[in-house]
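Everything below concerns the one structure shown next.
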Amino acid sequence: MELAYIPSPSSGVLYLGPVPLRGYAFCIIIGVFVAVWLGNKRWIARGGRAGTVADIAVWAVPFGLVGGRLYHVITDYQLYFSEGRDWVDAFKIWEGGLGIWGAIALGALGAWIGCRRRGIPLPAYADAIAPGIAIAQAIGRWGNWFNQELYGRETDLPWAVEITSSADGRMPGTYHPTFLYESLWCIGVALLVIWADRRFNLGHGRAFALYVAGYCAGRFWIEYMRVDEAHHILGLRLNNWTAVLVFLLAVLYIVLSARKRPGREAMVEPGVGDGEGPAADAKTADAKTADGKTTDGDATEKDASAEEASAEDAATDDATDTGDSGNPGKLDKSGKPEASGEPEAAEEPEESRDGAGSAKKA
């Protein structure tokens with residue numbers, strides 16, 4: 001009875017005329033684009049400027065590729081420098097062989113250089129791209145499927161992967177698809193980081209540290225299943241020990257960082273929020289709206305004041321005209337001359353006043 005299994009490609013290379021199109025390289029490239037795309041969305045949501053993630057990735061990605069290859073070559077040096085091997089193969093990155101530990105370490109160095117040139121804090125950038133890195137790893141692991149590598153012990157499970165190549169000591173058969181396990185695990189880690197970041201408002205590198213811790217937890221048991229050649233220390237593969245050490249460091253960082261710097265960065269990119277970028281645009285729009293309301297109010301008040309001034313001027317003119325006609329006096333509230341309740345008495349001649357006064361004195 002033929003068992004169900006996942007078939008492997010007969011070749012990991014397709015030729016477009018004389019140009020080789022390698023599945024491993026395509027998976028890496030697609031993963032990088034997805035990571036930059038998602039990182040850009042998260043960076044903008046945190047208050048950064050669009051395009052910054054891609055600009056820094058120009059530094060991080062080449063450093064990461066070199067670091068990943070160096071780690072692989074150093075830890076599996078026998079594949080390139082032992083008797084009968086060609087050391088030139090160490091530069092053939094398209095044939096597979098990238099160590100995630102070296103890729104993250106040197107990639108972080110490249111990201112630090114890019115961040116420093118733009119005045120951006122590296123922890124904030126790392127938090128933004130953490131889920132994207134996990135998804136990039138999930139996609140990149142399918143490059144191992146194209147190369148028929150990174151598989152575990154023999155199994156007859158329906159999701160076993162069929163290995164048909166006998167190169168480099170491989171034995172044809174059906175095995176645990178550890179590349180698939182790691183791919184699914186990385187997707188789970190990405191979702192975990194996105195959820196935790198929203199739920200707990202992670203900042204100052206804690207989202208990235210959560211990604212590292214989550215990945216290491218899965219990498220430990222997946223690495224334990226692998227059967228390809230590797231160095232062992234105290235019965236465990238080298239990558240198992242690396243996963244344990246990095247996991248502990250990531251957890252320690254989360255704890256200490258939460259105590260020292262709780263919450264999230266108020267500003268992640270200089271100039272954004274103070275005159276540039278989405279945050280600044282929002283503030284500017286609000287300010288314009290507020291200014292518009294104030295201006296309209298001022299205009300209304302000015303119009304009312306102008307009308308009142310015109311009315312007062314008109315009243316003053318009327319009063320002046322009335323005064324000129326021989327009836328000057330106080331003005332009432334409407335600006336018209338105030339009418340007197342009693343008729344004005346005619347002035348007595350000066351002599352009469354004097355006479356009356358003399359009579360009274362006498």
Side-chain angles (χ1 to χ4, degrees), residues 24-46 48 52-72 93 98-115 120-144 150 179 181-198 202-220 222 239 242-243 246-247 249-251 253-254 268:
Y24 186 88
F26 266 115
C27 291
I28 297 296
I29 293 172
I30 294 173
V32 169
F33 273 104
V34 172
V36 171
W37 171 79
L38 181 58
N40 184 66
K41 290 176 64 68
R42 287 172 52 80
W43 183 252
I44 294 174
R46 284 174 175 259
T52 297
V53 170
D55 292 342
I56 297 176
V58 172
W59 289 89
V61 172
F63 273 75
L65 292 174
V66 172
R69 188 60 174 179
L70 282 175
Y71 182 89
H72 168 73
I93 192 173
L98 289 175
I100 186 62
W101 316 112
I104 294 297
L106 229 59
L109 175 60
W112 176 80
I113 295 173
C115 287
I120 293 172
L122 178 61
Y125 180 82
D127 283 342
I129 65 172
I133 294 177
I135 294 177
Q137 288 179 249
I139 297 172
R141 277 308 179 196
W142 284 89
N144 301 121
L150 198 58
F179 75 89
Y181 299 159
E182 186 168 336
S183 178
L184 296 176
W185 184 269
C186 287
I187 292 175
V189 170
L191 296 176
L192 171 65
V193 173
I194 292 174
W195 171 82
D197 192 25
R198 293 176 178 174
L202 300 178
H204 301 285
R206 289 188 289 277
F208 183 81
L210 178 61
Y211 144 71
V212 173
Y215 173 75
C216 290
R219 180 62 184 266
F220 181 85
I222 294 172
N239 284 332
T242 305
V246 176
F247 173 85
L249 291 175
V251 172
Y253 179 87
I254 293 174
V268 297

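Just so we're clear, the structure is a prediction, and the values are computed from it rather than from any experiment.
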Task: Side-chain heavy-atom pair Val246, Tyr215 within 4.5 angstrom cut-off - done: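 Val246 does not reach Tyr215 side chain to side chain.
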
Task: Student check: side-chain heavy atoms of Trp43 and Ile120 closer than 4.5 Å - done: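 Yes, their side chains come closer than 4.5 Å.
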
- [ ] Would you sort out whether Tyr71 and Leu106 count as a side chain to side chain contact (heavy atoms under 4.5 Å, CB included), showing the intermediate values?
- [x] CA-CA 10 Å; Tyr71 182 89; Leu106 229 59; over 6 Å; no

Which heavy atom of [X] sits nearest to which heavy atom of [Y], and what is that distance?
| X | Y | value |
| --- | --- | --- |
| Ala136 | Gly31 | CB-O, 3.2 Å |
| Ala243 | Cys216 | O-CB, 3.5 Å |
| Tyr125 | Ala57 | OH-N, 3.6 Å |
| Pro123 | His204 | CB-C, 3.6 Å |
| Leu210 | Ala196 | CD2-CB, 3.5 Å |
| Ala108 | Leu122 | O-CD2, 4.2 Å |

Straight-line distance of [X] [atom1] to [Y] [atom2], nearest 0.5 Å:
| X | Y | atom1 | atom2 | value |
| --- | --- | --- | --- | --- |
| Ile139 | Ile28 | CD1 | CD1 | 10.0 Å |
| Ile30 | Phe26 | CD1 | CZ | 7.0 Å |
| Asn40 | Ile129 | CG | CD1 | 12.0 Å |
| Cys186 | Ile222 | SG | CD1 | 7.0 Å |

TODO: Test side chain to side chain contact (heavy atoms under 4.5 Å, CB included) on Ile133 and Phe208 and set out the steps.
DONE: CA-CA 9 Å; Ile133 294 177; Phe208 183 81; 3.9 Å; yes

Enumerate, atom names and distances included, each donor-acceptor pair closer than 3.5 Å involving a side-chain atom of residues 61-69, sequence neighbours excluded.
{"residue": "Arg69", "atom": "NE", "partner": "Ala90", "partner atom": "O", "Å": "2.7"}
{"residue": "Arg69", "atom": "NH1", "partner": "Gly96", "partner atom": "O", "Å": "2.6"}
{"residue": "Arg69", "atom": "NH1", "partner": "Gly97", "partner atom": "O", "Å": "3.0"}
{"residue": "Arg69", "atom": "NH2", "partner": "Asp89", "partner atom": "O", "Å": "3.0"}
{"residue": "Arg69", "atom": "NH2", "partner": "Ala90", "partner atom": "O", "Å": "3.2"}
{"residue": "Arg69", "atom": "NH2", "partner": "Lys92", "partner atom": "O", "Å": "3.3"}

TODO: Carefully, step by step, assess Ile104 and Tyr211 under the rule side chain to side chain contact (heavy atoms under 4.5 Å, CB included).
DONE: CA-CA 12 Å; Ile104 294 297; Tyr211 144 71; 3.7 Å; yes

- [ ] Mind checking salt bridge (Lys or Arg N to Asp or Glu O under 4.0 Å) for Arg141 and listing every partner two or more places apart, or none if nothing turns up?
- [x]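 Once residues adjacent in sequence are excluded, the partners of Arg141 under the salt bridge (Lys or Arg N to Asp or Glu O under 4.0 Å) criterion are Glu182.
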
Open item on the list: Going by salt bridge (Lys or Arg N to Asp or Glu O under 4.0 Å), name the residues that satisfy it together with Arg42, two or more places apart in sequence or in a different chain.
Closed with: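 Arg42 satisfies salt bridge (Lys or Arg N to Asp or Glu O under 4.0 Å) with Asp197 only.
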
Task: Criterion side chain to side chain contact (heavy atoms under 4.5 Å, CB included) on Leu98 and Tyr24, from CA distance to verdict - done: CA-CA 11 Å; Leu98 289 175; Tyr24 186 88; 3.6 Å; yes

Open item on the list: I need the full list of salt bridge (charged side-chain N to carboxylate O under 4.0 Å, His left out) pairs touching residues 121-140, with sequence neighbours left out, sorted by first then second residue.
Closed with: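 Output for this query is empty, none listed.
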
- [ ] Could you list the residues that satisfy ring-ring contact (aromatic ring centres under 6.0 Å, His included) with Trp195, not counting sequence neighbours?
- [x]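 For Trp195 the ring-ring contact (aromatic ring centres under 6.0 Å, His included) partners, ignoring immediate neighbours, are Phe200.
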
Task: With sequence neighbours excluded, residues passing ring-ring contact (aromatic ring centres under 6.0 Å, His included) with Trp59 - done: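 Listed in chain order: nothing, the list is empty.
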
TODO: Would you confirm whether Trp185, through its side chain, and Gly214, through its main-chain N or O, come within 3.5 Å as a donor-acceptor pair?
DONE: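 Side chain of Trp185 to backbone of Gly214: a pair is present.
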
